[in-house]
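Written below as structure tokens is the structure these notes are about.
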Amino acid sequence: MNRSARSGRFVKESTTKRDPKSTTTEHVGKDHGDREVNRSTSTGRFVKKTTAELHPSTTETQKV
């Protein structure tokens with residue numbers, strides 16, 4: 001998955017190739033790592049674990 005480093009939103013592969021300094025590629029899922037990250041579902045930005053716990057309906061936890 002490719003994300004904008006500015007907004008945290010998903011971007012196309014072509015955007016990543018065109019602007020590699022402001023995008024990041026993530027490998028998400030159980031086969032890719034044990035580290036958990038929490039994101040806001042509305043903005044895609046990282047949030048703290050406590051925020052995810054307080055707002056489970058508007059956040060998601062991923063393994064990266």
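Since the model is a prediction, treat every value here as computed from it, not as a measurement.
Here T23 contributes atom OG1 and E13 contributes atom CD; the two are 9.0 Å apart, rounded to the nearest 0.5 Å. Rounded to the nearest 0.5 angstrom, H55 NE2 and S42 OG are separated by 11.0 Å.
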I would like to know whether R3 and R39 meet side-chain contact (heavy atoms from CB on, under 4.5 Å); could you show each step before the answer?
CA-CA 12 Å; R3 287 190 184 267; R39 291 190 182 274; 3.1 Å; yes
Under the side-chain contact (heavy atoms from CB on, under 4.5 Å) criterion, do T16 and V11 qualify, and how do the steps go?
CA-CA 7 Å; T16 303; V11 296; 3.9 Å; yes
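There is no side-chain donor-acceptor pair under 3.5 Å between N38 and T59.
Side-chain contact between N2 and F10 is absent, with no heavy-atom pair separated by less than 4.5 Å. The closest side-chain heavy-atom distance from Q62 to E36 is not below 4.5 Å.
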